[in-house]
Amino acid sequence: MTKVVIKDVGAREFDQPVSGVDVLRSMQERPQSVLAMVVDGQLTDLSANIETGSEVSFVSSMTPAGREVLRHSTAHVMAQAVLLIYPGAKFAIGPSIEDGFYYDFDLPDGQRFSDEDMETIEAKMREIIAAKQPFIREELSYEQGLELFMDQPYKLEIIRGVRQGSVEDLAEGADVGGVSVYRNTDTFVDLCRGPHVGHTGQLGNFKLLRVAGAYWRGDEKRDQLQRIYGTAWESKAALAEHLHRLEEAEKRDHRRLGAELDMFHFPPEIGGGLPVFHPKGALVRYLMEETSRKAHLAADYQLAWTPHLAKSTLFEISGHLQWYKDGMYPPMEMEGSTYYPKPMNCPMHILIYKSQMRSYKELPLRLFEFGTVYRFERSGVLHGLARVRGLTQDDSHIFCTPSQLATELTRLLTFVLTLLRAFGLEDFEAELATRPDKSVGDDDEWEAATESLRVALEATGLPYVVAEGEGAFYAPKIDVHLRDAIGRRWQVSTLQVDLQLPQRFDMYFVDQDNSRPRPYMIHRALFGSVERFFAILIEHYAGALPTWLSPTQFAILPVRADHAAYADEVSASLAACGARVKVLEASEPLGGRIRRAKMEKVPYVLVVGDEDISARTLGVNRRGSDKPDRSVDLDSFVESVRAEVNPPEILVE
RNA sequence: GCCCGAGUAGCUCAGUGGUAGAGCAGCUCAUUCGUAAUGAGCAGGUCAGGGGUUCGAAUCCCCUCUCGGGCUCCA
């Protein structure tokens with residue numbers, strides 16, 4: 001007899017040994033579109049036998065686990081299609097990923113996929129799906145596995161990896177004590193740990209999206225494979241919704257909006273990754289920077305300014321030439337000295353610290369600068385303002401006593417969140433990145449610094465995960481991520497407790513007892529870089545920046561030329577409370593001017609005509625609304641927008 | 001840097017071997033208008049650059065550059 005506990009339903013007894021399918025059939029109220037099951041916490045094929053005494057829950061296609069299964073199964077279908085179309089193709093790995101899946105191939109004779117091939121492959125996949133091929137799990141010994149995949153070098157490498165207990169390969173391929181495979185047909189079988197859907201007919205709401213090169217095992221010294229990315233969903237509607245989201249994301253692309261809104265561009269004559277900001281973009285930048293500077297001054301930071309170049313000596317002391325030479329711009333020789341563009345601001349801030357004897361009474365000493373640094377990024381990684389070669393960090397270095405560290409970090413993290421919120425961002429999470437393999441310093445220091453960061457995270461209540469081994473070589477760090485309006489994650493702020501530079505620069509302060517201990521040093525970028533943060537704001541707001549950040553806040557449109565005097569009067573009363581106003585004179589029809597102003601995403605488009613002059617009113621078009629408010633009283637309108645035209649007050653504790 | 005894709009007017013794009021096109025934007029003139037495109041006219045091009053094939057190349061081939069999608073990288 002087999003006893004099975006169905007989660008949230010209750011215990012069932014069966015005369016025979018049962019599989020998940022049997023249990024499901026026995027239920028009166030069956031859960032919908034079940035693709036797999038979880039037996040005692042383990043995600044498993046529905047066809048697997050269930051041991052007596054197990055607890056079972058069923059996984060529906062619209063759950064995260066269910067989608068993972070169907071995406072993974074769709075990847076297998078794609079592999080089968082590619083192998084049918086390209087005899088002799090080698091296939092490597094094909095996992096499910098966020099929103100979809102991919103599979104890596106090595107085509108014979110150096111063939112490459114083109115975009116048209118995607119359609120051919122999709123068509124073949126639909127045939128496979130229509131055939132309702134079963135996914136049959138088989139468990140093999142290593143030897144059988146090696147035999148079965150003798151023509152598939154990547155599979156062989158995975159099997160050998162599994163035999164040696166590689167965790168990475170276990171995830172990809174197989175089971176302890178042997179390997180598992182999933183067979184769809186006599187000719188198509190794939191090495192896989194599973195689980196999978198019961199048969200290919202349960203799939204079908206998918207689309208192949210793009211082809212890309214990808215290194216085998218992510219190692220650029222190894223073969224470059226052809227990767228096809230696809231997306232797959234539980235229903236036609238969910239697929240359509242996802243494709244719609246992709247379109248929406250494309251509309252938010254800051255590179256596209258940056259051009260449409262005349263904010264910035266990347267002149268080829270200047271070089272890749274080196275943007276120029278046009279007047280509107282530069283104004284937004286100015287507002288971002290001024291808001292930040294004021295907040296920093298209010299929070300007891302002191303401003304610093306440092307040059308863009310320094311002698312090699314400085315970067316030898318700091319260690320940048322040792323650790324990051326590849327990422328630095330090449331040197332310039334001048335009058336017998338070697339100069340480098342700076343990749344970071346910290347060494348220069350340290351020189352400010354060291355310019356005089358520092359007492360414990362001065363600490364924490366907080367230096368702040370919008371410091372432009374240059375980093376040589378490989379051409380393929382540049383991405384609009386989000387990844388550039390010349391970037392301005394809103395960079396701060398805080399020097400404090402060891403006993404001040406935890407308090408200072410907490411205060412700092414609070415400040416970071418306060419300023420980010422002032423820009424209308426709300427949804428944050430953090431990563432605590434710990435010591436990497438390639439690093440310097442002793443364990444106690446790393447432990448203490450990491451612990452202080454953890455204390456700060458706990459104190460602010462920011463949700464966080466620990467990223468083992470993801471720290472910088474010299475320091476553990478907190479990375480703050482945010483989710484934008486359509487749920488995408490962006491890394492912004494970073495806080496690092498530096499264990500190395502104070503030593504390298506032989507920094508100290510004079511303590512109460514006249515001893516000379518080393519200060520701790522905290523590196524911190526809050527926006528990350530001004531350029532990248534600019535991009536995030538554009539994408540988050542889809543170009544419709546909050547009023548206080550909008551280059552033009554009010555467009556005033558006199559209906560006829562003889563309404564110009566009143567338009568100027570309205571303009572003056574708005575300008576008097578600090579607003580940025582543009583009058584669009586009546587040289588073309590009203591509709592055209594309204595359209596232009598709306599396309600520019602001006603927050604308020606104000607129309608004034610005969611009726612408004614006699615009643616001292618306005619026609620108000622708010623951004624995002626397609627219906628105007630007519631006859632709004634001028635004075636009360638000005639009063640109502642007064643608060644939003646100027647940068648927000650940032651209250652620092 | 002590597003793989004794939006794309007470069008035609010300021011922008012968006014049409015043009016597959018036979019005289020370089022359209023819309024928007026720009027300029028000029030006219031129009032004076034109450035809620036998302038007023039009309040007419042003008043101007044605008046080394047078809048990314050270089051080489052090749054051809055009687056003839058935006059179009060076919062090769063190289064280079066730039067941009068985009070990924071991979072790797074991101075102090």
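Note that these values count all heavy atoms, side chains included, but never hydrogens, waters or copies made by symmetry. Everything numeric here is computed off the predicted structure, so don't read it as measured data.
The partner of B:U12 is B:A22, by the rule that a Watson-Crick or G-U pair needs both atom distances under 3.5 Å. Across all strands shown, B:U31 remains unpaired; no Watson-Crick or G-U wobble contact has both distances below 3.5 Å.
A:Arg616 has its side chain within reach of A:Tyr566: a pair of non-hydrogen atoms, C-beta onward, lies under 4.5 Å apart. Between A:Arg623 and A:Ser550 the shortest side-chain heavy-atom distance falls below 4.5 Å.
No side-chain donor-acceptor contact under 3.5 Å links A:Arg245 to the backbone of A:Ile486.
Across all their heavy atoms, A:Lys325 and A:Tyr340 have their closest contact at CE-OH, 3.5 Å.
The aromatic rings of A:Tyr103 and A:Phe105 sit parallel to each other, their planes meeting at less than 30°, with 60° as the upper class boundary.
Identified under the salt bridge (Lys or Arg N to Asp or Glu O under 4.0 Å) test for residues 91-106 of chain A, with sequence neighbours left out: A:Asp104-A:Arg227.
Checked against B:A36, B:G69, B:G1, the side chain of A:Lys598 finds its nearest nucleotide in B:A36.
Residue contacts for A:Gly272: at a heavy-atom cut-off of 4.0 Å it reaches the sugar-phosphate backbone alone, with no base atom in range.
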I'd like to compare against my own output: the B/S/- annotation of nucleotides 70-75 of chain B with a strict under-4.0 Å heavy-atom distance to protein.
BBBBBB
How does each nucleotide of nucleotides 22-34 of chain B score, in 5' to 3' order, for protein heavy atoms under 4.0 Å: base (B), sugar-phosphate only (S), or none (-)?
---------BBBB
